[in-house]
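Remember, predicted model here, so these are calculated numbers, not experimental data. Only this structure's heavy atoms are used, side chains among them; waters, hydrogens and symmetry mates stay out. We count ligands from 1, going down the list as the structure has it; atoms in each ligand are counted the same way.
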Amino acid sequence: MTPSIPAELIERLSRAQRVVAMTGAGISAESGIPTFRDAQSGLWAQFKPEELASEAGFRAAPERVWQWYRWRYQQVRKTSPNPGHYALAQLQQRLPNFTLITQNVDGLHQAAGSTDVIELHGSIRRVRCLDNDCEEQEWPENSTGTPPKHSCGSLLRPAVVWFGEFLPEQALADAIEAVENCDLMFSIGTSSLVYPAAELPLVAQQNGAVVVEINPNPTPLSTRADYVLTGAAGVVLPELVKALPGPV
Ligand code: APR
């Protein structure tokens, strides 16, 4: 079913000086990316999430955690962006000042053409060193056994945010700056349960922005949002782009 986008929302979007969109796992669902818990099947089901996604888990069993992420990274590399990702890349081109914030680590927004994406939870496509926060880099080839060491001597780890870790400082600061100063914010495909990301649409609203949720299911944000577009991101977002006035 084609969702209907309120004309008033399109009018507000076309007039907005600064627009922010924040995405969660739901936007990648249509690309076939399993959520963390869904991915924890088969061989991996025997481990607690903290054993696979925390610094303590990594220090206790570096090879296990490295292999889990390497496997997930390889799964992600086989996927492609879907119409929702592409529609957001188009919005960035069509709107004068558009900031994309994501909680996803899959890199599919960049694959769809979005630029300057703020990655709140890091990226599974990169690694960095465990102890010295050395620069992020591509996954090394042939890393089937224990994690290799960075030139600084520290083990490499995936560049994602683990349980108990702070969000990357610059990414969070950039996200807060964007939401505090936008006129309209989309919250797309996120359960709005994981903080601090869940708070960002509320911060935008407190600062006078119109908040629009896109999700097939209700979330804690649904009763607070100014507009709720019920449906899959891969359907609603292309409709939204199509409804915008001006050349496509
Ligand atoms: N389009 C839009 N939304 C969808 C779609 C779709 N096609 N399919 C599912 N959803 C919605 C679900 O209704 C749900 O509200 O996406 C949301 C996914 O929720 P979560 O799996 O909790 O994902 P997210 O909110 O991104 O989780 C935040 O938690 O697991 C940690 O660090 C991980 O970044 C993740 C964070």
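- Every pair passing ring pair (Phe, Tyr, Trp, His ring centres under 6.0 Å) that includes a residue from residues 74-115 is listed here, sequence neighbours excluded: H85-H109.
- The 12-atom threshold is not exceeded at CD of E135, counting heavy atoms of other residues, nucleotides or ligands nearer than 6.0 Å.
- Applying the side-chain hydrogen bond (donor to acceptor under 3.5 Å, both in side chains) test to every pair with at least one member in residues 190-201, sequence neighbours left out, gives these pairs: Q103-T190.
- For the salt bridge (Lys or Arg N to Asp or Glu O under 4.0 Å) test, residues two or more places apart in sequence or in another chain that qualify with D131 are R59.
- Within 4.0 Å of ligand 1, protein heavy atoms come from G24, A25, G26, A29, E30, T35, Q103, H121, G189, T190, S191, V194, N215, P216, N217, A232, A233.
- At distances below 3.5 Å, not a single donor-acceptor pair connects side-chain atoms of R18 with backbone N or O atoms of V179.
- A cation-pi contact, defined as under 6.0 Å to the ring centre and within 45° of the axis, is absent between R64 and W44.
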